[in-house]
Amino acid sequence: MNMTRRNGLTALAMHGALIAYTLVALFPVFVIVINSFKERKAIFRAPLALPDSESFSLIGFQTVMSQGDFPLYFQNSMIVTVGSLFFILLFGAMAAYALSEYRFRGNRLLGLYMALGIMIPIRIGTVAILEMMVAAGLVNSLWALILVYTAQGLPLAIFILSEFMRQVSADLKDAGRIDGLSEYTIFLRLVLPLVRPAMATVAVFNMIPIWNDLWFPLILTPAEHVKTLTLGSQIFIGQYVTNWNAVLAALSMAIIPVLVLYAIFSRQLIRGLTSGAVK
Amino acid sequence: MTALILKNVNKSFGKVNVLRDISLTVEKGEFVVFVGPSGCGKSTLLRVIAGLEDASSGEVHIAGRQVDHVPPSKRGIAMVFQSYALYPHLNVRGNMTLALKQEKQPRAVIEERVAKASRMLNLDDYLDRYPAELSGGQRQRVAIGRAIVREPELFLFDEPLSNLDAALRMNTRLEIANLHRALNASMIYVTHDQTEAMTLADRIVVLRDGKVEQIGTPMELYNNPVNRFVAGFLGSPAMNFLPASLLEAGDPRIIGLRPEDMFLSSDGPFRARVSHVEELGGDTNVIAMIDTHQVTLRLFGQHRIGEGQDLHLGYNPEKAFHFDPEGHRLT
């Protein structure tokens, strides 16, 4: 058997599969973006055609900018996403450190309990969550969303981060203890920088579902001043008439911040995904 | 003054007893090596002394002060780890000064101590480099430097040479010996390598299964081991153990013979068949089988011996050790 030839074929097959998958994944995004720059009629006449001089129109973007308060929705989505990620990473890392570093009674059980949350969708508890938020007076406040998303993201964050923290050299932490560093300093200055790739992985995994979520904003924050982008875009989708120009334009714009956040995390992300397998 | 006193130290993890009733006194300026096979508890003992683990019972005194409930940083110790454990985000100077800054030492003192340590360890050119930019040997020197600047009552070394290659290991071993002489410091050194133990130690503590088997100078242990385990652990190649019944039927004892105390002799009592020969130039190690018992014979100089050859082996009866079947030393 000719190994080089076989490897060549394997590589070709792998690249083919990956390219095909990339095309499938990008196709809807591509269609959304091109159609957001077209007139309404052109969208329906030839949905796959690129905008030309005749069909080109910014009417969708104009509608989005004039109706509703999209800069505010943007800001709300951004606050919720960044805030949730901050708390997920902070509390997730702290819990993971405690579970991986300290021996105490019920350590494994507690870890298992935390991981259980990965398997149970938080939406099952929607009614109870709504009741709690009403009781706490947090309905129609961005805190309601941040708290829910933090709870939703923590199980996976703790699971991933504690795995990575177990790999951080015990000698390093002990050296810090002998040099008189406090446990907080050891955690913040020694351990956290070393698990940065894992933190980026957790951030990306959590960011997209939070940004795109419609369910909890619809239930917990329907008021105008706390609407998120996804919820705000719904005003263009009516039961009988849908303003497709506006919906597509809103969606196109909604992609941008996610891309920016992703670009920030992605370098770290790749290291995070491969470090377990390669090293 | 004593550098370290351990009184009846016990340590158990759950039901497993890792350390059993260990008592030891280390004098000031002494170099003591803990040696034993992996899993014997030597590293755990070191961590108990450092305060990284709490003893289940017993007392630890460092420099005349009982430190059972004192955190590691206030025990007057410094530790060098097998994996160097340098702080990756700090340069060499930062690594060496961190502990002193935590102690709030005045800047002049810090600079003076770093200058002194870096001169001793030839680190002057590397002070602004980061650990990732250093070789293994340099990293280990930085780790040692980090310990020196603290001017501790007691140095703790946890297998510091295990990650180095053979040539570097020899050099660093010499450096540690010189350092001990120059600083006249009390040091405790953990290793599983009997060569390091023999060459560095003023006194060796041999541990097995969490218990002290024997404490003594390297030559005391070599010449007068209390049992078969100590006899077999120290010395390279290891001592040969043969049933005395090979010489005299019905004798239940076990004879221990060091490879260098056996020789070729046409009227020797053992007949052996050579299974392998290691020619080292200065020495020749012959591995041979007496019946089903493997023995190693260390001959000085170069010898032409082929595999499969039959030999008659003699030994020096004055240098033979005798053990009972349980491994206790008889004579």
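We name chains A, B, ... by the order of the sequence lines, and we start the count at 1 in each one.
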Any chance you could measure A:Tyr73, atom OH, to A:Thr230, atom OG1, to the nearest 0.5 Å? 12.0 Å
Would you check if there is a donor-acceptor pair between the side chains of A:Thr228 and A:Asn76 at a distance under 3.5 Å? no
Top contributor to chain A contacts, counting heavy-atom pairs under 4.5 Å, from B:Arg146, B:Gln102, B:Glu103: B:Gln102
Considering only heavy atoms, which portion of B:Leu156 lies under 4.5 Å from any heavy atom of chain A: side chain, backbone, both, or neither? neither
Contact origin within A:Arg103 toward chain B - heavy atom pairs under 4.5 Å: side chain
Within the 4.5 Å heavy-atom criterion, are B:Gln82 and B:Ser162 side-chain neighbours or not? yes
So that I can tick it off, tell me whether A:Arg177 and A:Glu101 are bridged by a salt bridge, with the cut-off set at under 4.0 angstrom between side-chain N and carboxylate O. yes
Side chain, backbone, both or neither: which part of B:Arg47 has an atom under 4.5 Å from a heavy atom of chain A? side chain
